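Structure record follows, encoded as structure tokens.
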Amino acid sequence: MKTQSQSTATEIETAPSFDVQRIREDFPILKQKVHGKPLVYLDNAATSQKPQAVIDTLTRYYLGQNANIHRGVHYLSEIATYEYEKARGKVKLFLNASDSREIIFVRGTTEGINLVKDTYGRKFIGKNDEIVISAMEHHSNIVPWQILCEEKGAKLRVIPMNDRGELLLDEYEKLLNEHTKFVSVVYVSNSLGTINPIKKIIQRAHERGIPVLVDGAQAASHLKVNVQDLDCDFFVFSGHKVFGPTGIGALYGKTKYLEQMPPYQGGGDMISSVTFEKTTYNVLPYKFEAGTPNIADVIGMGTGIDYVTGVGFEAITAYEKELLKYATEAISNIEGVRIIGTAEEKAGVISFVLGTVHAHDVGTILDQEGIAVRTGHHCTQPVMQRFGIPATARASFAFYNTMEEVDALARGLGKVKEIFGA
Ligand code: C6P
């Protein structure tokens with residue numbers, strides 16, 4: 001299966017400071033066996049595993065800190081409020097936002113996009129206006145805008161991509177016109193792995209005064225995000241993809257937009273005063289956080305962020321680059337494999353088809369070998385349509401994956417070939 005020029009797991013040199021075995025010790029779930037085989041978890045784009053520190057934070061919270069926030073004067077409420085707001089400060093630093101008031105806690109990327117659609121979108125987008133998205137969006141960044149377009153009589157325009165899965169920036173430029181009121185584009189594609197030139201995309205929209213939302217769901221775990229440097233107007237990500245709990249994420253928005261936007265939901269905590277005649281709203285960010293929030297998971301997400309920043313993005317990016325190179329070589333050398341998404345700039349995702357074997361069969365055989373990959377359309381049906389396929393198998397990496405796990409994947413695919421005669 002290996003060519004002469006191919007490197008083996010042990011030959012690969014990684015930054016001396018990056019000790020993957022040491023890192024794996026922090027993730028208890030990785031020690032388990034699945035179907036009698038060591039777990040090889042390659043479904044990190046769906047959700048990442050959690051370090052012991054995040055599990056400990058959740059336990060500590062429920063054992064000794066649990067209370068509602070922003071409400072009580074009692075000890076526990078003050079502790080919970082302090083921890084919750086401390087986590088907001090961590091997200092602010094993580095994204096390099098200029099102010100904690102620009103960080104709004106939401107359930108995840110999906111809710112963050114829907115919040116912007118329901119508030120900014122409903123207020124500022126109208127009949128015959130246009131919203132630009134790209135051909136590689138997750139359904140979360142397609143469907144909300146379609147709903148808005150239907151409601152308002154606006155139009156959705158789509159930036160096309162080439163056969164490698166790279167956006168065509170010249171075509172993007174052509175789409176921007178006096179009707180364009182919003183651009184919403186993914187930073188890193190979950191089904192292709194493409195890292196989009198998001199700064200350029202933002203600049204070109206800004207030259208025409210158009211605000212831009214960045215779907216950072218897949219970027220936040222692989223790249224150092226700097227919202228001030230990107231100059232994006234909104235940025236969303238999910239905590240569960242950055243080694244934190246599920247059901248929590250954050251929306252960053254520039255104050256100038258958040259101030260102008262109506263509230264998302266009505267309820268407790270988002271008000272400043274209520275009478276039957278009139279309600280006035282709370283200041284940022286609370287205006288957008290109605291009801292009792294997901295306190296424990298906000299705090300847990302803060303610990304996930306501490307963990308990933310402790311490992312360091314410089315080391316993560318360098319290690320994952322090597323891992324992706326090694327895996328791309330190993331997988332593309334298997335006869336019958338076609339990698340979907342071969343962009344010049346990629347993060348740790350390899351989507352592929354193997355001959356005529358259905359992706360679900362690939363995934364099922366790999367599962368028997370203890371290897372977890374995702375199969376299907378990955379919530380990007382238009383991407384599958386663009387490449388003329390129903391589904392792919394997708395291996396997606398995190399910094400705790402190893403070259404040996406890539407070798408296991410390659411052996412697993414060899415088994416699939418044997419079984420299906422592919
Ligand atoms: N992609 C995947 O397996 P939520 O579900 O709200 O945390 O994230 C939605 C989402 C939005 N944008 C992108 C680019 C994404 O990758 C995802 C989630 C997972 O690829 C689950 S479908």
Side-chain angles (χ1 to χ4, degrees), residues 41-50 91 104-118 133-147 158-159 161 165 167 183-196 198 201 212-223 225 232 234-252 264 294 297-298 300-301 304-305 340-341 343 345-352 359-360 363 372-384 386 391-398 401:
Y41 187 76
L42 300 177
D43 196 15
N44 295 285
T47 197
S48 59
Q49 296 302 347
K50 320 304 170 201
V91 176
I104 294 150
F105 291 122
V106 287
R107 279 191 296 135
T109 305
T110 304
E111 188 176 43
I113 296 170
N114 276 279
L115 186 158
V116 176
K117 176 274 263 187
D118 277 349
I133 60 169
S134 87
M136 62 178 80
E137 298 309 322
H138 186 279
H139 297 164
S140 298
N141 201 25
I142 302 173
V143 185
W145 304 117
Q146 280 176 329
I147 292 171
V158 181
I159 313 166
M161 61 178 156
L167 293 181
V183 172
S184 192
V185 173
V186 70
Y187 196 164
V188 174
S189 156
N190 67 319
S191 52
L192 300 169
T194 311
I195 303 176
N196 284 318
I198 202 71
I201 290 172
V212 181
L213 180 147
V214 176
D215 172 349
Q218 298 294 342
S221 61
H222 297 296
L223 308 170
V225 174
C232 55
F234 300 97
F235 186 97
V236 283
F237 74 95
S238 301
H240 70 98
K241 296 196 204 281
V242 285
F243 314 98
T246 50
I248 191 65
L251 161 70
Y252 156 83
Y264 172 47
N294 188 351
D297 293 324
V298 162
M301 177 167 72
I305 286 172
I340 307 296
E345 294 293 328
K346 273 187 75 171
V349 169
I350 302 183
S351 258
F352 59 94
H360 291 307
V373 297
R374 186 173 169 188
T375 61
H377 52 64
H378 317 294
C379 302
T380 55
Q381 286 187 4
V383 171
M384 301 298 122
R386 168 66 178 75
T392 71
R394 181 189 70 181
S396 55
F397 304 97
N401 289 125

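Not measured: the values here are computed from a predicted model. We count ligands from 1, going down the list as the structure has it; atoms in each ligand are counted the same way. Numbering starts at 1 and runs along the sequence shown. The basis for the numbers below is simple: all heavy atoms, side chains too, and nothing from hydrogens, waters or symmetry mates.
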Side-chain contact test, heavy atoms from C-beta onward, threshold under 4.5 Å: evaluate it for [X] versus [Y] and give yes or no.
X	Y	answer
Thr375	Arg394	no
Asp43	Val373	no
Phe234	Asp215	no

At less than 4.0 angstrom from any non-hydrogen atom of [X], what atoms of ligand 1 do you find?
X	answer
Gln218	1 (N), 14 (C), 15 (C), 16 (O), 20 (O)
Val186	14 (C)
Asn190	1 (N), 2 (C), 16 (O), 20 (O)
His240	7 (O)
Ser238	4 (P), 6 (O), 7 (O), 8 (O)

For Ser140 and Thr109, what are the C-alpha separation, side-chain angles and deciding distance, and is it a side-chain hydrogen bond (donor to acceptor under 3.5 Å, both in side chains)? CA-CA 8 Å; Ser140 298; Thr109 305; over 6 Å; no
Taking all non-hydrogen atoms of both residues into account, name the closest pair between Thr47 and Tyr41 and its distance.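 What the structure gives for the nearest pair is O-OH, 2.7 Å.
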Using the ring of each side chain (for Trp, its six-membered ring), is His139 parallel, tilted or perpendicular to His377, with breaks at 30° and 60°?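 Judged by the thresholds at 30° and 60°, the geometry between His139 and His377 is tilted.
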Quick one: does ligand 1 sit under 4.0 Å from the side chain of Arg394, the backbone, both or neither, non-hydrogen atoms only?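 Side chain only; the backbone of Arg394 stays clear of ligand 1.
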Taking 4.0 Å as the limit for heavy-atom contacts, which would you say applies to Ala46 with ligand 1: side chain only, backbone only, both, or neither? both
Only one of Thr194, Val349, Leu223 forms a side-chain contact (heavy atoms from CB on, under 4.5 Å) with Val188, so which one is it?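 It is Leu223, the one option of Thr194, Val349, Leu223 that forms the side-chain contact (heavy atoms from CB on, under 4.5 Å) with Val188.
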Pick one: which of Met161, Glu137, His138, His378 meets side-chain contact (heavy atoms from CB on, under 4.5 Å) with Val383? Met161
Heavy-atom count around Arg107 CZ within 6.0 Å, excluding the residue itself: above 12?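 Count not over threshold, so no.
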[atom]: which protein heavy atom is closest, and how many Å away?
atom	answer
atom 12 (N) of ligand 1	Asp215 OD2, 2.6 Å
atom 18 (C) of ligand 1	Lys241 NZ, 3.0 Å
atom 3 (O) of ligand 1	Arg374 NH1, 2.5 Å
atom 6 (O) of ligand 1	Thr110 OG1, 2.6 Å

Are Asn141 and ligand 1 in contact, using a heavy-atom cut-off of under 4.0 Å? no
Which is closest to atom 10 (C) of ligand 1 by heavy-atom distance: Glu111, Arg107, His138? His138
